[in-house]
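All values derive from a computational prediction rather than experimental measurement. Chain naming here is simple, since letters A, B, ... match the order of the sequence lines and numbering starts at 1 in each. Computation of the quantities below employed the complete heavy-atom set of this structure, encompassing side-chain atoms and omitting hydrogens, waters and symmetry-equivalent molecules.
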Amino acid sequence: MGKKCLITSALLYVNGTPHLGHVIGCLLPADVCARFKRLQGDEVLFIGGTDEHGTASEFGALKAGLPVEVYCEQNHMMHRKLYEGLNLSMDYCGRTSSKQNQEIVYRIFSALDKNGYITEKTIEQVYSIDDQQFLADRYIVGTCPYCGYENARGDQCEHCTKVLDPTELKNARSAISGSSHLEVRKTKHLFLDLPKLQSLIEKWVKTREFMWPDLSYTIAQKWLKEGLKERCITRDLKWGFPVNKPGYEDKVFYVWFDAPIGYIGITKQWSDEDPEHRHWEDWWLKPDDVTYIEFMGKDNVPFHSVSFPGTLMGTGEPWTLVSQLKGVSYLNFNGGKFSKSAGRGVFLDDALKEFPADYWRYWMMANMPETSDVNFKFDAFAGQINKDLNDVLGNFVNRVMKMTQSNFGLVVPEGGALTDEEKQLYATLADLISKYTQYMNDLEWRKALATLREIWVEGNNYIARTEPWKVAKTDKQRAACILRTGLNLIRIEAILLSPIMPTFAKEILSLLKLPEPTGWVNAQDINKEMSYLAPNTELGEPRLIFSKITPEMVTSLSEKYHENDVKE
RNA sequence: CGCGGGGUGGAGCAGUCUGGUAGCUCGUCAGGCUCAUAACCUGAAGGUCGCGAGGUUCAAAUCCCGCCCCCGCAACCA
């Protein structure tokens, strides 16, 4: 086994179906990275799961008429099923509400408290007498004092986008019961003393300057520059871990505190299932042995680059801190945000019904919002699937297979010596493969996928130059060499493709009667890689593995998902 | 004057840090080929790089200044 590589995908909030935006930002790139690192020979642990505590869950459960534990359990299973559908190779899909996470949260909190990074403050919060609970700002609704919108939320008016204080609302009422029987009460809470940790965090962030993409580093810098503020880590709620400090037994930890710790808690869930062979401490408390890569949307970057590392550093224990932090921008739908309630956008459950998971995986990796927000459109999606996968890659595989079959039968052709044509191809391939590998390592996906496509084009180019369909009529030996070269290139292409489209990669390999890949392609050893398939090796029956998306399908999908509705 | 990101041929992007003939994919047009999913290969047209007849420089998409437009964020909605 190679070096240890810990990979986490941001934990999605458990209520609600994930949409393509959630997938593109964290789940998918984390999976591609995990698959790639495994093929490179690293010992990978890919952790994901659902974030479950907080008012939103309580509220969701109430609406569903279920106890919150049951509601979360059901939704967690729904997430899990969708992740499987998307072919995510998570080593463990856990939950922030697990008892393991509770243990770790207590451990970290106690250490922070002992080290003097926890402070007490009294704050004012709105209490709903009928609901018998404090209300989070966004669960107080009323009339916006600025624009008169009647369903403005306590934190912000969705209509005029003005940021509000809940006490400003007219006709304020509880979003849970609708009761307007509210009052402001004083309540004591615990805060994480981030200002005290600031210099420690700053020093550490500086060490990440060249490891993080610009977007992540700039966002972290921005927060540090503005100066960190103390952050409340407790709430007056029931759904959460009770605070393990005398005087706070009736309060729970705030989601943002226990959510990132969830990565550790979930690793312990994984570890507890096979304690003899799995040791969570090896991943989280031996930082020198582990490279840790995180994936998330840009809104999550401040937590992962500043507050979570600060939390861990404040314990004084040697927790593993993030090495590479990939934050990406958003995927929009017709220029607007995905929104379940507005029925706008493609959600993962529907997406998987419309097309194979690998189509989505390919499109999203090739169009990763790395520099700015990206728009999803069905015609662009179809265009790329048709051109890249069908015409360029699929066609290359098919024409080589068919020509081999008709000229030599279903075996790797024997005979013919390499010419300058092959040597030139090898050199180009070695160059492109090492570029591709580098981009994958650097998490530069758009460039990686563009390079991958160049490799496919190079295959077609080689076939066009060498014209095996002509040569076969006059020089069987030469044709054998060309097609054998083509077949070996198919194998390489399938392996290079496998982190991105595992299912189709497997199918392509099955055409060559090869099993799933177990290792990466070594660009330095291109001669060996290109002669992997020995002459006379049996081949499978040629068949088309990709199919096109017709213009009619595009039209109907566009209508079905309201792609052209006027954006709000 | 809140903060951040973006504005490059019809569309989507790279190039900007480290100034030096503007590059890629799609689309369009022409040609080649006919093994292959009307697929593949080659070539061409098309931009002077948001604006300022602004500054620096022998030279600016790239550095500096001013302005405009789009997107996102503003500490519980990737």
Set of side chain to side chain donor-acceptor pair (under 3.5 Å) partners for A/Arg446, sequence neighbours left out
none
Among A/Ile233, A/Val252, A/Thr96, side chain to side chain contact (heavy atoms under 4.5 Å, CB included) partner for A/Asp258
A/Thr96
Closest-nucleotide ordering on RNA chain B, the 5'-leading residue of A/Gly383 and A/Tyr254:
A/Gly383
Under the rule for ring pair (Phe, Tyr, Trp, His ring centres under 6.0 Å), what residues qualify as partners of A/Tyr359, not counting sequence neighbours?
A/Phe504
Which residues pass the side chain to side chain contact (heavy atoms under 4.5 Å, CB included) test with A/Ala351, not counting sequence neighbours?
A/Leu20, A/Val346, A/Trp360
Round to the nearest Å and state the distance from A/Phe381 atom CZ to B/U25 atom C1'.
17 Å
Under the rule for salt bridge (Lys or Arg N to Asp or Glu O under 4.0 Å), what residues qualify as partners of A/Asp373, not counting sequence neighbours?
A/Lys298
Listed partners of A/Phe241 passing ring pair (Phe, Tyr, Trp, His ring centres under 6.0 Å), at least two apart
A/His53
With a non-hydrogen cut-off below 4.0 angstrom, is A/Arg235 in contact with a base, only sugar-phosphate, or nothing?
base
Which whole-number value in Å describes the distance from A/Asn300 CG to B/C73 C1'?
13 Å
With sequence neighbours left out, what residues match A/Arg453 under salt bridge (Lys or Arg N to Asp or Glu O under 4.0 Å)?
A/Asp388
Figure out the CD1/C1' separation between A/Ile455 and B/U25, and round it to whole Å.
16 Å
For A/Glu422, the salt bridge (Lys or Arg N to Asp or Glu O under 4.0 Å) test, sequence neighbours excluded, returns A/Arg478
Restricting to side chain to side chain donor-acceptor pair (under 3.5 Å), what partner residues turn up for A/Glu294, sequence neighbours left out?
A/Tyr292
Sugar-phosphate atoms are those with a prime plus P, OP1 and OP2; base atoms are the rest. Using that split, label each nucleotide of nucleotides 5-19 of chain B B, S or - for protein heavy atoms under 4.0 Å, 5' to 3'.
S-------SSS----
Contact state string [nucleotides 33-45 of chain B, B base, S sugar-phosphate only, - no protein heavy atom under 4.0 Å]:
SSBBB-SSSS---
Do A/Lys548 and A/Asp391 sit within salt-bridge range, that is, some charged N less than 4.0 Å from a carboxylate O?
yes
Which part of the nucleic acid does A/Phe396 contact within heavy-atom distance under 4.0 Å: base, sugar-phosphate only, or nothing?
nothing
A/Met296 CE - B/G72 P separation (whole Å)
21 Å
At 4.0 Å (heavy atoms only), tell me whether A/Leu331 reaches a base, stays on the sugar-phosphate, or touches nothing.
base
The criterion is side chain to side chain contact (heavy atoms under 4.5 Å, CB included); which residues satisfy it with A/Thr555, sequence neighbours excluded?
A/Glu559
Nearest-angstrom distance from the residue atom CH2 of A/Trp223 to C1' of B/G4:
11 Å
Look at all strands and tell whether A/Gly25 reaches a base, only sugar-phosphate, or nothing, counting heavy atoms closer than 4.0 Å.
nothing
Secondary-structure notation, RNA chain B, from Watson-Crick and G-U pairs under 3.5 angstrom (| other strand)
.(((((((.[[[[.)....(..]]]].(((((.......))))).....[[[.[[..)....]]]]])))))).....
